[in-house]
Amino acid sequence: MNKQTLLAYCLLLPGLGLIIVFIFVIISMALAQSVGYFNFSGSSKFTWQFWQQILADNQFSRAFFYSLKIATISAILSVSFAYPLALWLRDPFRGAQFVSSLLKAPLLVHGLVAAFLYVNFISFNGFLNQIFVHLGLVSRPIRMQNDSYGIGVIILQVWKQMPFALLLLTGAVQSIGHDITDAAKDLGAGAWTRFVKIILPLTLKALQAALIIIFIGAAGDYSFQVVAGPISVSSLAQLMLRIQANDANGWNLSATVAILLMLTALIGSALLALITQQVIKWGAKR
């Protein structure tokens, strides 16, 4: 390692070093609390009691599968909407910058603001219901708020996360030279073949990055779930907060849920990226 490389790493330490230290401390403390240490309501000793209690809890299993469903669907839909838009914006055209800025505008809106706007829009006496009644599509307003399937949360996640996926995919798509696609076109490859065999494999890393980041964010979401999510089921983040506030061993139990949430985000995003890679490779070979 030369002096310039060493100097570059040293310059990263004030920012990156502190981030790594804080992450290590937080994860270490959560792990310790999940096995009985840092117990604020009793003796601190090693025990698997909190893991056994959480894993046997029906509320945890419901929250786990609900959060997994929301995260997976949100990640896939966000990327599915972002990809054709990235391809459309690949070649410059009049107004492309304006359209691109408009599509990325949700990045500037705070999640809580978006959630409250959405709830007001679909509420029992909201704008959407008023339009339906006025047009005669329904005789009375429909209850759409806090639906039991979490559709509202998925809509909010896609609306908020799609611009981020578009940001990653646009750069990856635009980095592909036209000479490659033009050569494939000259050899008789159609638009779909060029997309599956050239564009998708060359943008795989950006696609995986978008899926992973969106999946992790949606799995641990709290604000969208509280405002627009179903009342009958909680997300893992909601469950963690409720346990911490209402149980005598709340800190230890919520730390256990936090570790399981981190494992869900890590393993789930890795599996999603791996499956995507295998599907793209399979499509390219056909």
Side-chain angles (χ1 to χ4, degrees), residues 12 15-16 19-20 23-24 27 64-91 100 103-107 111 150 153-181 184 189 191-222 224 235-237 258-286:
L12 288 173
L16 184 61
I19 293 173
I20 293 173
I23 291 175
F24 176 78
I27 294 177
F64 171 78
F65 287 111
Y66 172 79
S67 295
L68 189 64
K69 178 189 73 173
I70 295 294
T72 304
I73 296 176
S74 299
I76 293 174
L77 287 181
S78 298
V79 171
S80 298
F81 286 128
Y83 223 121
L85 291 172
L87 292 173
W88 179 46
L89 296 170
R90 183 188 179 202
D91 297 321
S100 178
L103 290 171
K104 295 169 186 173
L107 292 172
V153 177
I154 293 174
I155 291 174
L156 284 168
Q157 287 289 350
V158 173
W159 180 83
K160 183 67 175 175
Q161 301 294 351
M162 189 277 292
F164 182 76
L166 178 63
L167 195 65
L168 292 175
L169 292 171
T170 300
V173 169
Q174 290 178 346
S175 67
I176 301 173
H178 284 81
D179 53 342
I180 300 175
T181 54
W192 176 252
T193 303
R194 295 196 302 272
F195 174 70
V196 172
K197 294 184 178 293
I198 297 175
I199 296 177
L200 268 178
L202 291 177
T203 57
L204 175 61
K205 297 300 182 184
L207 177 62
Q208 288 177 318
L211 285 171
I212 289 172
I213 294 173
I214 294 172
F215 182 91
I216 292 174
D221 173 67
Y222 178 79
F224 287 167
S235 66
L236 286 174
I259 295 298
L260 290 168
L261 174 57
M262 285 187 279
L263 288 174
T264 301
L266 179 63
I267 298 173
S269 59
L271 286 174
L272 192 59
L274 181 62
I275 292 171
T276 304
Q277 181 178 354
Q278 295 304 317
V279 169
I280 291 176
K281 285 184 177 180
W282 174 78
K285 289 178 180 178
R286 293 193 64 183

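Keep in mind that the numbers below use all heavy atoms, side chains included, and drop hydrogens, waters and symmetry copies.
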Just how far is it from atom [atom1] of [X] to atom [atom2] of [Y], taken to the nearest 0.5 Å?
X	Y	atom1	atom2	result
Leu211	Leu274	CG	CG	12.0 Å
Thr170	Leu87	OG1	CG	9.0 Å
Leu107	Lys160	CG	NZ	6.0 Å
Leu271	Thr276	CG	OG1	10.5 Å
Leu236	Leu261	CG	CG	5.5 Å
Ile214	Leu272	CD1	CG	10.0 Å

Those residues that, when tested against [X], pass side chain to side chain contact (heavy atoms under 4.5 Å, CB included) (two or more places apart):
X	answer
Lys69	Tyr66, Ile73
Ile27	Ile23, Leu31, Met262
Ile213	Phe164
Thr193	Ala189, Lys197

Please find the pair of heavy atoms, one from [X] and one from [Y], that lie closest to each other, and give the distance.
X	Y	result
Gly150	Ile70	O-CD1, 3.7 Å
Thr181	Arg194	O-CD, 3.4 Å
Ser235	Ser67	CA-OG, 3.5 Å
Pro163	Val158	CD-O, 4.3 Å
Gln277	Leu204	CG-CD2, 3.7 Å
Gly111	Phe224	O-CE2, 3.0 Å

Has the side chain of Gln157 got a donor or acceptor atom that lies under 3.5 Å from a matching backbone atom of Gly217?
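Flag not set: sc Gln157 to bb Gly217 has no pair under 3.5 Å.
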
Among residues at least two apart in sequence or on other chains, which ones pass ring pair (Phe, Tyr, Trp, His ring centres under 6.0 Å) with Trp282?
none

Start with the C-alpha distance between Leu169 and Leu207, add both sets of side-chain angles, then the distance that settles side-chain contact (heavy atoms from CB on, under 4.5 Å), and finish with yes or no.
CA-CA 7 Å; Leu169 292 171; Leu207 177 62; 4.3 Å; yes

Validation row: Leu103, Leu89 side chains within 4.5 angstrom (heavy atoms):
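With C-beta onward as the side chain, the pair touches.
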
Are the side chains of Gln208 and Ile280 in touch, meaning some heavy atoms are under 4.5 Å apart?
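Contact flag for Gln208/Ile280 side chains = no.
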
Evaluate side-chain contact (heavy atoms from CB on, under 4.5 Å) for Phe215 paired with Leu266, printing each intermediate quantity in order.
CA-CA 9 Å; Phe215 182 91; Leu266 179 63; over 6 Å; no

Across all chains, not counting sequence neighbours, the side-chain hydrogen bond (donor to acceptor under 3.5 Å, both in side chains) partners of Lys205 are none

Asp179 meets the side-chain hydrogen bond (donor to acceptor under 3.5 Å, both in side chains) criterion, sequence neighbours left out, with none

Summary of side-chain hydrogen bond (donor to acceptor under 3.5 Å, both in side chains) pairs that have at least one residue in residues 71-84, sequence neighbours excluded:
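Non-adjacent pairs meeting side-chain hydrogen bond (donor to acceptor under 3.5 Å, both in side chains): Tyr83-Thr203.
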
Taking only residues at least two apart or on different chains, which pairs with a member in residues 262-272 satisfy side-chain hydrogen bond (donor to acceptor under 3.5 Å, both in side chains)?
none

Over 12 non-hydrogen atoms of neighbours within 6.0 angstrom of CZ in Phe81
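No, CZ of Phe81 has 12 or fewer neighbouring heavy atoms, counting only those of other groups under 6.0 Å.
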
side-chain contact (heavy atoms from CB on, under 4.5 Å) assessment of Phe64 paired with Leu260
CA-CA 9 Å; Phe64 171 78; Leu260 290 168; over 6 Å; no

